[in-house]
A.B. asks: 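So that we are looking at the same thing, I have put the structure below in structure tokens.
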Amino acid sequence: MAASSGPAGVGGAGPSGFAFDSGLEIKTRSVEQTLLPLVSQITTLINHKDNTKKSDKTLQAIQRVGQAVNLAVGRFVKVGEAIANENWDLKEEINVACIEAKQAGETIAALTDISSLNHTESDGQITIFTDKTGVIKAARLLLSSVTKVLLLADQVVIKQIITSRNKVLATMERLEKVNSFQEFVQIFSQFGNEMVEFAHLTGDRQNDLKDEKKKAKMAAARAVLEKCTMMLLTASKTCLRHPNCESAHKNKEGVFERMKVALDKVIEIVTDCKPSGETDISSVSIFTGIKELKMNIEALRENLYFQSKENLSATLEVILERTEDFTDSAYTSHEHRERILELSTQTRLELQQLISVWIQTQSRKTQSIAEELELTVLKFSHSLNELKKELHSTATQLAADLLKYHADHVVLKALKLTGVEGNLEGLAEYACKLSEQKEQLVEICRLLRHISGTEPLEITCMHAEETFQVTGQQIISAAETLTLHPSSKIAKENLDVFCEAWESQIGDMSTLLREINDVFEGRRGEKYGYLSLPKPMKNNANLKSLKPDKLDSEEQAKIAKLGLKLGLLTSDANCEIKKWEDQENEIVRNGRNMSSMAYSLYLFTRGEGPLKTSQDLIHQLEVFAEEGLKLASSVQVFSKQLKDDDKLMLLLEINKLIPLCHQLQTITKTPLQNQVFLKIDKCIIKTRSMMAILVQLLSLCYKLLRKLQMENNRWVSVTNKDSVDGKT
């Protein structure tokens, strides 16, 4: 998607006015995903078992890797040079990095070329890499230069977003001061174009973000801007029509203020500049506190001196203090309140007992006392789990009841009616009721934030809380304007827009509640996009070539046969996932997402499940391929902790997965007129191959992680023993 047309020089563009195209960024990322695993693999190969003699098959494999690296570097350099030519201020730096990358790629290809090796050992095998230092040096130079190009390209994107934001702010200032309808229409038209450009840029940035927390913040800020654009239109028109109406001006000022805050939030995210005084939201979440406390307690099994008793007690007291948000709430039932207080007392007693046994274990290291410590740890963990369940039950039940009660939007309908009638007394009555409803929803959002389970969901809860808080006041000011001017069509339209925003947020709350329940119950399939944003549909032109109908019976039977193996592989993957203690591990999360999507594909082959048409299937496969690349990236990060032998095993598996992901992406993007079955057949075969590798990767990573933990624990034990001996 090219940048929107506009004044020359956007984002450091050249005279043509072309800024760094998000398509270039996509190409850069794609080449990076192909290139970096290959470089890592060749680096591992040359470091693996010095003086080892290689067979012809191994030599050919090494040569293929070297050639693949060089080809990928060539594509990468072309993209880098295109970026440099359109961004003069960074052109020299990018070109230097591209030259270094090209030289490194050619060096790797030359040093892994078996045709240059003429000497053969007596046993028929060749000793490779007489200049291993040169290959290592070239690989490191390549990684350094590629990283530099990516960082410079990232600067271009950030600069583009900042420039776009500044244009939007400048136009907003003009809109705030406008005094005539004709002038307003002209400026708002320009503002609309600038907002579209900003939405495209920030949408691409959101998709590129690796941090789920930042991604959720970006989604929330973009949702505010999207909804406020329509509000700004109607609120400004109302002010122009009724220039002496105080409530109309208040309504309009609220919209402008909220949009400015959202624009600043976007810049904070893309520049990674956290304002001073901002607190970490994880510190106010009960579930996050419980998770950290349980980890600290369970660590005592391996290291009795890992924590102090004061720290554990203080952590629990902070958690129990936060449960007062539930017990002090006027909306919590008497039964729930009593149960929370009872479980809080029990948990406090269980911790006291655990600390007592823990102190004894430190002085008396016997089998019986160790078993007693294990028992008290289990009891305390059970108490925390029971408290967690009760808090979850309290918050979700309250939210479900409240959303059901307000589903018919009686108060909003009454406000619209009183406005049209010009009924000031009715306005005061229903404004009061809406304020009460707003306070209920705000409190429910705070309770849900405590039990949301993940940082992205916490952010979504905070966004919902802020939306209800602000929109509630704006509805009242818009209703007041209509009541004072009951015949005004613009004032009525303005109130309708704010009421629609409220109703939309109520709908989003229902989905948020479902997501929170899914996390709590361990159902974490494909990630949801933020509901108020339009769902991105990739390759729309391609999808049009597919029939929206289901396959015929004969084709369905063939597809069902193909899907049987896919269903079995999904079960295998789930079994491997269950072995992992840390269910929030990135590898596990990627694997769980892939398994969940593969299961949906399996159901499709049987004519069941949420995927109803071939379009649904192709879209799911695109997301599946993206998740596969994310898994490869997560595994590659994990491999950096391993020794060469173990690292090599993982990288070989990754190098099988990445090409399959790219092949699946190519198949989904290739239009096949009237050959829907053939396309689906190819896709399912690729998916099965990817799932087979996923099962192997999950199993291998689990074993290597356990091995790594055991080695670390042995090291900690030896260190502690040395420390104790030293004290003695």
Side-chain angles (χ1 to χ4, degrees), residues 3 10-13 19-22 24-26 28-29 32-33 36 80 83 87 89-90 93-94 97 143-169 197-226 258-285 288 449 452 454-463 466 527 529-530 533 584 586 589-590 626 629-630 633-634 636-637 640:
V10 175
F20 172 49
D21 194 325
S22 61
L24 287 177
E25 184 174 11
I26 292 168
T28 310
R29 302 295 183 201
E32 173 198 11
Q33 288 169 341
L36 297 187
I83 297 170
N87 294 277
D89 52 340
L90 297 174
E93 287 183 83
I94 294 175
L143 287 169
S144 172
S145 54
V146 166
T147 302
K148 188 173 182 181
V149 172
L150 291 173
L151 289 172
L152 290 169
D154 200 54
Q155 286 182 32
V156 175
V157 178
I158 292 171
K159 190 189 299 183
Q160 215 182 353
I161 292 173
I162 292 172
T163 303
S164 180
R165 188 282 305 256
N166 291 341
K167 289 199 301 182
V168 169
L169 275 177
E197 178 187 349
F198 189 72
H200 284 321
L201 292 171
T202 53
D204 292 338
R205 188 67 178 182
Q206 181 182 323
N207 291 334
D208 284 335
L209 289 171
K210 301 291 189 292
D211 187 329
E212 292 297 328
K213 183 176 173 181
K214 287 182 180 178
K215 192 174 283 190
K217 285 184 176 181
M218 180 71 89
R222 292 180 70 238
V224 169
L225 292 170
E226 181 201 358
R258 196 168 185 220
M259 288 191 78
K260 289 174 184 176
V261 170
L263 288 167
D264 289 342
K265 180 60 69 177
V266 169
I267 300 305
E268 285 171 22
I269 296 163
V270 298
T271 59
D272 206 18
C273 294
K274 194 173 181 179
S276 58
E278 183 178 311
T279 56
D280 186 356
I281 65 161
S282 62
S283 63
V284 298
S285 165
T288 301
R449 186 177 65 182
S452 56
T454 68
E455 285 186 327
L457 288 178
E458 283 185 48
I459 290 162
T460 306
C461 289
M462 294 173 73
H463 167 69
E466 183 216 355
K527 294 185 179 80
Y530 198 81
L533 296 174
E584 294 301 312
E586 277 300 314
R589 289 174 64 181
N590 297 141
E626 289 173 7
L629 292 171
K630 289 180 183 178
S633 177
S634 299
Q636 191 179 352
V637 170
K640 294 176 183 177

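Remember, it's a predicted structure, so these values are computed and weren't measured experimentally.
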A.B. asks: Evaluate the side-chain proximity of V224 to M259: yes if any heavy-atom separation is below 4.5 Å, no if none is.
C.D. replies: no
A.B. asks: Return the set of residues passing side chain to side chain donor-acceptor pair (under 3.5 Å) with Q155 (not counting sequence neighbours), or none when no residue passes.
C.D. replies: none
A.B. asks: Would the distance check show the side chain of S164 and the main-chain N or O of Q160 forming a donor-acceptor pair, the cut-off being under 3.5 Å?
C.D. replies: no
A.B. asks: Run the salt bridge (Lys or Arg N to Asp or Glu O under 4.0 Å) test against K148 and tell me which residues pass, sequence neighbours left out.
C.D. replies: none
A.B. asks: Less than 4.5 Å apart, any side-chain heavy atom of R205 and any of V266?
C.D. replies: no
A.B. asks: My understanding is that only residues two or more places apart in sequence, or in another chain, count here; which of them pass side chain to side chain donor-acceptor pair (under 3.5 Å) with T202?
C.D. replies: R222
A.B. asks: Determine the minimum heavy-atom distance between S452 and C461, stating which atoms define it.
C.D. replies: CB-SG, 4.4 Å
A.B. asks: If I take atom CD from residue E197 and atom OG1 from residue T163, how far apart are they, to the nearest 0.5 angstrom?
C.D. replies: 9.0 Å
A.B. asks: Kindly give the heavy-atom pair with the smallest separation between I161 and F198, and that separation in Å.
C.D. replies: O-CE1, 3.7 Å
A.B. asks: Is there a side chain to side chain contact (heavy atoms under 4.5 Å, CB included) between V261 and K265 once you walk through the steps?
C.D. replies: CA-CA 6 Å; V261 170; K265 180 60 69 177; 5.5 Å; no
A.B. asks: Side chain to side chain contact (heavy atoms under 4.5 Å, CB included) with S633: which residues, sequence neighbours excluded?
C.D. replies: none
A.B. asks: Check whether any side-chain heavy atom of E212 lies under 4.5 Å from a side-chain heavy atom of T454, and answer yes or no.
C.D. replies: no
A.B. asks: If you define the side chain from C-beta out and look only at heavy atoms, does anything of L209 sit under 4.5 Å from I269?
C.D. replies: yes
A.B. asks: Measuring from atom CZ of R449 to atom OG1 of T460, what distance do you get when rounded to the nearest 0.5 angstrom?
C.D. replies: 12.0 Å
A.B. asks: So that I can tick it off, tell me whether K215 and D208 are bridged by a salt bridge, with the cut-off set at under 4.0 angstrom between side-chain N and carboxylate O.
C.D. replies: no
A.B. asks: Minimum heavy-atom separation for I94 to G80, with atom names?
C.D. replies: CG2-O, 3.3 Å
A.B. asks: For side chain to side chain contact (heavy atoms under 4.5 Å, CB included), just list the numbers for E455 and T288, CA-CA rounded to whole Å, side-chain angles, deciding distance to a tenth of an Å, and then say yes or no.
C.D. replies: CA-CA 9 Å; E455 285 186 327; T288 301; 5.7 Å; no
A.B. asks: Please determine if E268 and K217 form a salt bridge, counting it only when a charged side-chain N lies under 4.0 Å from a carboxylate O.
C.D. replies: no
A.B. asks: Can you confirm whether I267 sits close enough to L263 that some side-chain heavy atom of one is under 4.5 Å from a side-chain heavy atom of the other?
C.D. replies: no
A.B. asks: Could I get the full list of salt bridge (Lys or Arg N to Asp or Glu O under 4.0 Å) partners for D264, not counting sequence neighbours?
C.D. replies: R165
A.B. asks: Quick one, K159 with D89, criterion side chain to side chain contact (heavy atoms under 4.5 Å, CB included). Give me CA distance, side-chain angles, the key distance, then yes/no.
C.D. replies: CA-CA 12 Å; K159 190 189 299 183; D89 52 340; 2.2 Å; yes
A.B. asks: At their closest point, which heavy atom of E584 faces which heavy atom of R589, and how far apart are they?
C.D. replies: O-CD, 3.3 Å
A.B. asks: Under 4.5 Å between any side-chain heavy atoms of Q206 and V270, yes or no?
C.D. replies: no
A.B. asks: Going by salt bridge (Lys or Arg N to Asp or Glu O under 4.0 Å), name the residues that satisfy it together with E466, two or more places apart in sequence or in a different chain.
C.D. replies: R258
A.B. asks: Which residues pass the side chain to side chain contact (heavy atoms under 4.5 Å, CB included) test with N166, sequence neighbours left out?
C.D. replies: I162
A.B. asks: Of the non-hydrogen atoms in A97 and S145, which two are nearest, and what is the gap between them?
C.D. replies: O-CB, 3.3 Å
A.B. asks: Which value, rounded to the nearest 0.5 Å, describes the distance between L151 atom CG and I158 atom CD1?
C.D. replies: 9.5 Å
A.B. asks: So, for H463 and A223, which heavy atoms are closest and what is the spacing to 0.1 Å?
C.D. replies: NE2-CB, 4.2 Å
